[in-house]
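One structure is given below, encoded as structure tokens.
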Amino acid sequence: MPESSVHRIICPYDCPSTCGLLATVENGKVVKVKKDPEHPVSNTVICRKMQQYEESINSKDRILYPMKRTGKKGEGKFTRISWEEAIQTITDRWKQIIAEHGPQAIVPAIYSGVMSDIQRNCGDAFFHRMGAPELQKTICSSGKGAGYASVMGSTGALDPRELEDSDLILVWGSNLSATRLQTLALLHKTKKRRKMIMIDVYANPSARFCDDVLLLRGGTDGALVLAMMHVLVRDGLTDEEFLKEYTVGYPEFREQLPEYTPEWASGITGIPADKIEDLAHTYAAAKAPAIILGSGPSRRSNGGMMTRLIVLLPAMVGAWKKPGGGFCGNGPAAGPYVDLKLIKRPDFWKEPHRRVNINLLPTALSENAEEKVYSLYVYALNPANTVGNQELLMKDLKREDLFTVVHERFLTDTAIYADILLPATFSVEQSDIYRCYGYCTLGTQRKIVDAPGECKSNWDTFSLLAEAMGYTEEYFSRTEDEMLDYILDHPTKLTAELPEEKKQILREGGSISMPFADHLDIQTPSGKIQFVDPTLERPLAGWLPQEEGNYPLRLIASPSEWTLNTTFSEREDLRGHREKQELLINPQDAIDRGIFNGQDIVAFNDLAEVDFVAGVTDRVGRGNVICEGVFHHEETRSHNNFNALQHEQLSDIGEATTLNNNFVDIKPVDDYDWLFQMIV
Ligand SMILES: Nc1nc2c(c(=O)[nH]1)N[C@H]1C(S)=C(S)[C@@H](COP(=O)(O)OP(=O)(O)OC[C@H]3O[C@@H](n4cnc5c(=O)[nH]c(N)nc54)[C@H](O)[C@@H]3O)O[C@H]1N2
Ligand SMILES: Nc1nc2c(c(=O)[nH]1)N[C@H]1C(S)=C(S)[C@@H](COP(=O)(O)OP(=O)(O)OC[C@H]3O[C@@H](n4cnc5c(=O)[nH]c(N)nc54)[C@H](O)[C@@H]3O)O[C@H]1N2
Ligand code: SF4
Ligand SMILES: [Mo]
């Protein structure tokens, strides 16, 4: 029998649950992964992706050694080199670039490949020390974050476990079965009589768990909220006492409401006025109404304002006073569990620095950029697939004078453009601390197996790079386990107060539940829930339409249950479930264009043409077209994906992505091969 041991591990991916798992190790390899029945959140269920995590860890497609490019950029031809040669080549080139152009010509690019704190943030310390530009990591939920913060400051939102007590949940722009499975399981487990209403641009796969679905035009949610508030005020359904005690700016805000009638909102959203009336009344009648807000709605030019309005809704009826009532979908913690400054080291900056927004990378890296960039270091990010203005970005990645280093686990569409490719580890091969962004939990995990080949963690790679660059700060000579101990030895206010047995769990490895926030301890500058935020260009919350485009259909992205952005797409067992890059479209919009279900189509705008397969369905509201998942270039006939149609534009506040604020039209492809595919 092989030697076998079981270890507590934590899911490292960009998903709100940060599940706890049990990994069985035999002969130095992870052979099995299942849920940890003692984890405070994921004791019910874990997703299909991580049920076979060992298939990803042991994938034959992993990059195992450092390599240098031998073919043309993008050809994917490489030859193996040693780590010594790789580090020497990179740092020699960087020293030369710094001498000629300064460190501002070297751009780091990272987002969410790994979410644990040390591995995700250690690169910041390295690039701060170098004096490289600061990457603004606003590709995901920063618009929503800024909107929430303007209303609630750093007040903790609801932990989904609190929803147990709620009798009405508005599932607002979130596909729970893909992205919040543990919340669905919990709601099911409590078996309470509860109404769930989805508000979305299409009946996403979680609609089957909801009692009602309201479909609206993308980007118009603000109008819906204002009309709901209009009805609440008109019919005397507001909690005036709560508004007086806990909020600021309400009297001015209310003055706008008379004009925002359900009829007005109906014209904008496409939702019938009587349905809006019903929704407002149902919301007011609930004992403890809750909202789960996803990030999809906020990824727009008006995303911050729209979020402000949605976050203000609970205050109108005093929902926060009632257990289970309020708002869920932003940080539930009442403060930090980890002092990120310990890892990111902002004190390493010596000079004022330039900022580069991740959503504007294509322009920043272009040949004609104002401040030309000569090197790009990509880690835990697959921009060729996940960042917008894709055609320009692909042109940038082909630039001969852009020295590109990619630290990756797989040969992604980005990695094939690397000059030097470095092999990255999986979470089981590294140690770290795991904050959860969806629940009040915190965990630690030490390395449980050695990495295969010559794979190295982000931490170990930056240590080597720092040494070769001559950075002598003590920080860079620590091991990642020493860094983890250091973090535990420097607790925040919240972790310092933990009972000894919980501290012990964190030292040994495991997850703990943290106390829920006091939602009435409002952490804003005014100490109140803010209808007005004087720090913003538009202090008073109100109606802000999204910027419209020159094409008739609103192009919207939604997550796939089978992958996580492009993570897990190495897995045949999961990827096989995804259809070709499909564009879901309302039947009437399809008929207007002579498009059948299953037909090959092209979506186009001023940026690009992208091939899709038409998925004609009345699950989609008129005027919206939806694509689930992020696809590889090789998976489409046009060798690009959704993001080729995405402009480089930022949201109203939070300098965030506007992924869902793009417009297209669609047409059938010119040849008719698809017809044969459909009839044979
Ligand atoms: N299986 C799986 N899990 C994931 C991910 C994944 O790709 N796959 N991604 C992870 C990541 S990176 C994130 S950020 C989270 C995201 O998780 P959440 O923030 O909870 O959001 P999503 O579940 O992505 O759902 C977004 C929804 O917004 C809707 N939507 C878009 N525009 C509008 C609008 O204007 N109004 C309204 N009302 N709805 C709109 C979309 O149709 C979609 O149903 O999930 C994480 N978990
Ligand atoms: N069309 C469309 N575009 C989207 C989205 C969408 O839904 N549709 N979602 C958007 C959102 S919400 C987000 S958050 C972004 C996410 O965008 P990305 O951060 O690019 O996410 P992934 O595609 O998962 O790519 C992460 C990469 O990190 C690598 N990786 C994992 N762990 C490590 C590690 O420890 N070290 C290193 N060096 N590498 C590692 C993985 O192998 C993977 O290739 O995409 C955005 N773009
Ligand atoms: S549900 Fe999310 S956090 Fe849990 S195992 Fe799956 S990807 Fe990880
Ligand atoms: Mo995200």
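We count ligands from 1, going down the list as the structure has it; atoms in each ligand are counted the same way. Worth knowing before you read on, the calculation uses all heavy atoms, side chains too, and leaves out hydrogens, waters and symmetry mates. If you read the sequence from its start, that first residue is 1, and numbering goes on from there.
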Taking distance alone, with no angle check, do [X] and ligand 1 share an N/O pair under 3.5 Å?
X: Y437; result: no
X: W562; result: no
X: A178; result: yes
X: R217; result: no
X: N175; result: yes
X: K144; result: no
X: I199; result: yes
X: Y202; result: no
X: L216; result: no

[X] to ligand 1, any heavy atom closer than 4.0 Å:
X: S560; answer: yes
X: R554; answer: no
X: T563; answer: yes
X: R300; answer: yes

Of [options], which has the heavy atom at the shortest distance from [atom]?
atom: atom 28 (O) of ligand 1; options: G173, P559, C47; value: G173
atom: atom 37 (C) of ligand 1; options: L574, D221, N660, L564; value: D221
atom: atom 41 (C) of ligand 1; options: N565, L224, T567, D200; value: D200
atom: atom 30 (N) of ligand 2; options: E570, K137, R409, Q646; value: R409

Quiz item: What protein atoms of element N, O or S are positioned under 2.8 Å from atom 6 (Fe) of ligand 3?
Solution: C47 SG
Practice problem: Looking only at distances, please establish whether an N/O atom of ligand 2 is found under 3.5 Å from an N/O atom of Y111. | Solution: no
Quiz item: Is there at least one pair of N or O atoms, one from S558 and one from ligand 2, spaced under 3.5 Å apart?
Solution: no
Quiz item: Residues two or more places apart in sequence or in another chain: which of them pass side-chain contact (heavy atoms from CB on, under 4.5 Å) with K447?
Solution: S431, D450
Quiz item: Are any side-chain N or O atoms of N661 and backbone N or O atoms of S301, one a donor and one an acceptor, separated by less than 3.5 Å?
Solution: yes
Quiz item: Which residue and non-hydrogen atom of the protein lie closest to atom 44 (O) of ligand 2, and at what distance in Å?
Solution: E408 OE2, 2.4 Å
Quiz item: Can you tell me which residue and heavy atom of the protein come closest to atom 1 (S) of ligand 3, and the distance to 0.1 Å?
Solution: Q182 NE2, 3.6 Å
Exercise. State, without any angle test, whether N641 and H632 hold a side-chain donor-acceptor pair at a distance under 3.5 Å.
Key: no
Quiz item: Is the distance between the ring centroids of F462 and Y379 under 6.0 Å?
Solution: yes
Self-check item: Within-shell test, S112 vs ligand 2, heavy atom, strictly < 4.0 Å
Solution: yes
Quiz item: Between V630 and ligand 2, which residue portion shows a heavy-atom distance shorter than 4.0 Å: side chain, backbone, both, or neither?
Solution: side chain
